[in-house]
Chemist: 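Here it is: the structure, laid out below.
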Amino acid sequence: DARVTQTPRHKVTEMGQEVTMRCQPILGHNTVFWYRQTMMQGLELLAYFRNRAPLDDSGMPKDRFSAEMPDATLATLKIQPSEPRDSAVYFCASGFGQATEAFFGQGTRLTVV
Amino acid sequence: AQSVTQLGSHVSVSEGALVLLRCNYSSSVPPYLFWYVQYPNQGLQLLLKYTSAATLVKGINGFEAEFKKSETSFHLTKPSAHMSDAAEYFCAVSGGGTSGTYKYIFGTGTRLKVLA
């Protein structure tokens with residue numbers, strides 16, 4: 001059963017600490033998306049990659065967020081330093097064509113205290 | 001650029017009543033449209049998708065949606081609500097990426113409450 005896997009599922013950290021979230025996309029998918037979900041903003045697209053190349057990260061605060069795909073089986077989203085306003089659920093999704101759906105992971109619930 | 005608008009952030013229906021969740025889209029090209037459902041503490045799951053074949057699309061759990069180009073709408077319906085349908089529903093459109101790529105753009109979501 002192919003699925004997108006995200007780790008960790010939950011993370012509580014102190015303000016100023018580095019946070020790394022990981023995502024294993026579905027094998028064969030060529031596009032990976034990072035979304036952030038909050039009550040106030042809904043689902044925001046932070047960044048996405050095609051064939052591991054970053055295409056658009058205009059949704060991310062550049063000074064503290066970074067996203068990478070070191071290989072086809074791993075995408076990472078890093079926050080350094082973290083701030084309380086970064087508290088949210090972060091979703092990774094993968095897909096292989098605009099006529100097909102995005103497959104979502106279970107999300108990482110981040111709390112920055 | 002593509003976008004979707006969901007009318008009504010909260011909808012309440014009685015169990016057994018019709019469910020109607022509204023979505024309007026904006027797109028300069030023929031759109032690909034999706035409805036997703038999110039249960040508490042879960043990721044988004046696909047309910048159904050429109051990809052320019054039949055305008056009436058049937059999905060899982062008895063949901064369906066009709067693509068109406070003249071109204072730029074893709075409303076989600078279910079004839080009879082069940083308690084287990086209580087969740088948040090998202091409409092999405094794909095496209096709009098740079099030079100042949102694509103991305104999924106989501107609406108703000110509609111939380112469905114089913115009353116016993």
Side-chain angles (χ1 to χ4, degrees), chain A residues 1-7 9-10 21 23-26 29-60 67 88-109 111, chain B residues 1-6 8-10 23 25 27-54 57 59-60 65 67 74 87-111:
Chain A
D1 183 24
R3 62 181 67 186
V4 175
T5 303
Q6 290 186 248
T7 56
R9 289 291 314 277
H10 303 273
M21 290 169 269
C23 168
Q24 182 176 353
I26 293 173
H29 284 189
N30 64 358
T31 308
V32 174
F33 306 87
W34 282 105
Y35 288 90
R36 175 170 64 184
Q37 186 178 35
T38 60
M39 291 289 291
M40 295 301 295
Q41 301 295 329
L43 267 169
E44 303 173 271
L45 179 62
L46 297 176
Y48 64 110
F49 296 77
R50 186 179 190 189
N51 296 328
R52 295 177 54 202
L55 291 183
D56 185 350
D57 60 1
S58 59
M60 285 198 317
V89 181
Y90 291 82
F91 286 105
C92 174
S94 68
F96 59 91
Q98 69 177 33
T100 62
E101 65 269 30
F103 291 77
F104 279 76
Q106 297 281 66
T108 294
R109 182 176 295 276
T111 304
Chain B
Q2 278 90 344
S3 66
V4 290
T5 302
Q6 291 184 242
S9 58
H10 292 81
C23 173
Y25 70 90
S27 178
S28 56
V29 297
Y32 298 105
L33 295 162
F34 308 83
W35 275 101
Y36 285 82
V37 61
Q38 185 181 31
Y39 299 103
N41 301 314
Q42 299 283 322
L44 278 70
Q45 303 171 34
L46 182 74
L47 272 180
L48 49 79
K49 62 185 177 185
Y50 167 75
T51 57
S52 76
V57 182
I60 62 171
F67 173 74
F74 190 57
E88 188 150 22
Y89 293 80
F90 292 90
C91 182
V93 62
S94 71
T98 56
S99 46
T101 64
Y102 66 97
K103 56 185 176 181
Y104 299 91
I105 299 156
F106 286 84
T108 50
T110 298
R111 188 168 297 277

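Owing to the predicted nature of the structure, the values given are computational and were not obtained by experimental measurement. By convention in this document, chain letters (A, B, ...) are assigned in the order of the sequence lines, proteins followed by strands, and residues within each chain are numbered from 1.
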Chemist: Which pair of heavy atoms, one from Arg9(A) and one from Asn41(B), lies closest together, and at what distance?
Modeler: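 So the two residues come closest at NH2-O, 3.5 Å.
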Chemist: So which heavy atom on Phe91(A) is nearest to which on Gly43(B), and how close?
Modeler: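 Closest approach of Phe91(A) to Gly43(B): CE2-CA, 3.5 Å.
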Chemist: Gln45(B) versus chain A, heavy atoms under 4.5 Å apart: side chain, backbone, both or neither?
Modeler: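 Neither part.
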Chemist: Name the option with the most non-hydrogen atom pairs under 4.5 Å to chain B; the candidates are Gly107(A), Gly95(A), Gly42(A), Ala102(A).
Modeler: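 When all of Gly107(A), Gly95(A), Gly42(A), Ala102(A) are compared, Ala102(A) has the most.
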Chemist: Side chain, backbone, both or neither: which part of Leu44(B) has a heavy atom under 4.5 Å from chain A?
Modeler: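 Interface part for Leu44(B): both.
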Chemist: Mind listing the closest non-hydrogen atom pair of Asp56(A) and Lys103(B) along with its distance?
Modeler: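 So the two residues come closest at OD2-NZ, 3.8 Å.
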Chemist: With a 4.5 angstrom heavy-atom cut-off, could you sort out which part of Gln37(A) is near chain B: side chain, backbone, both or neither?
Modeler: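 Just the side chain, heavy atoms under 4.5 Å.
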Chemist: Could you check, using the six-membered ring where one of them is a Trp, whether Phe106(B) and Phe104(A) have ring centers closer than 6.0 angstrom?
Modeler: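 Between Phe106(B) and Phe104(A), the centre distance is under 6.0 Å.
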Chemist: Working to the nearest 0.5 angstrom, can you tell me the gap between Leu43(A) CG and Tyr36(B) OH?
Modeler: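 Between Leu43(A) CG and Tyr36(B) OH, I get 10.5 Å after rounding to 0.5 Å.
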Chemist: More than 12 heavy atoms of other residues, nucleotides or ligands under 6.0 Å from CZ of Arg3(A): is that the case?
Modeler: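 No, not enclosed.
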Chemist: Quick check for you: to the nearest 0.5 Å, what is the distance between Thr51(B) atom OG1 and Glu101(A) atom CD?
Modeler: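 Thr51(B) atom OG1 to Glu101(A) atom CD measures 10.0 Å (nearest 0.5 Å).
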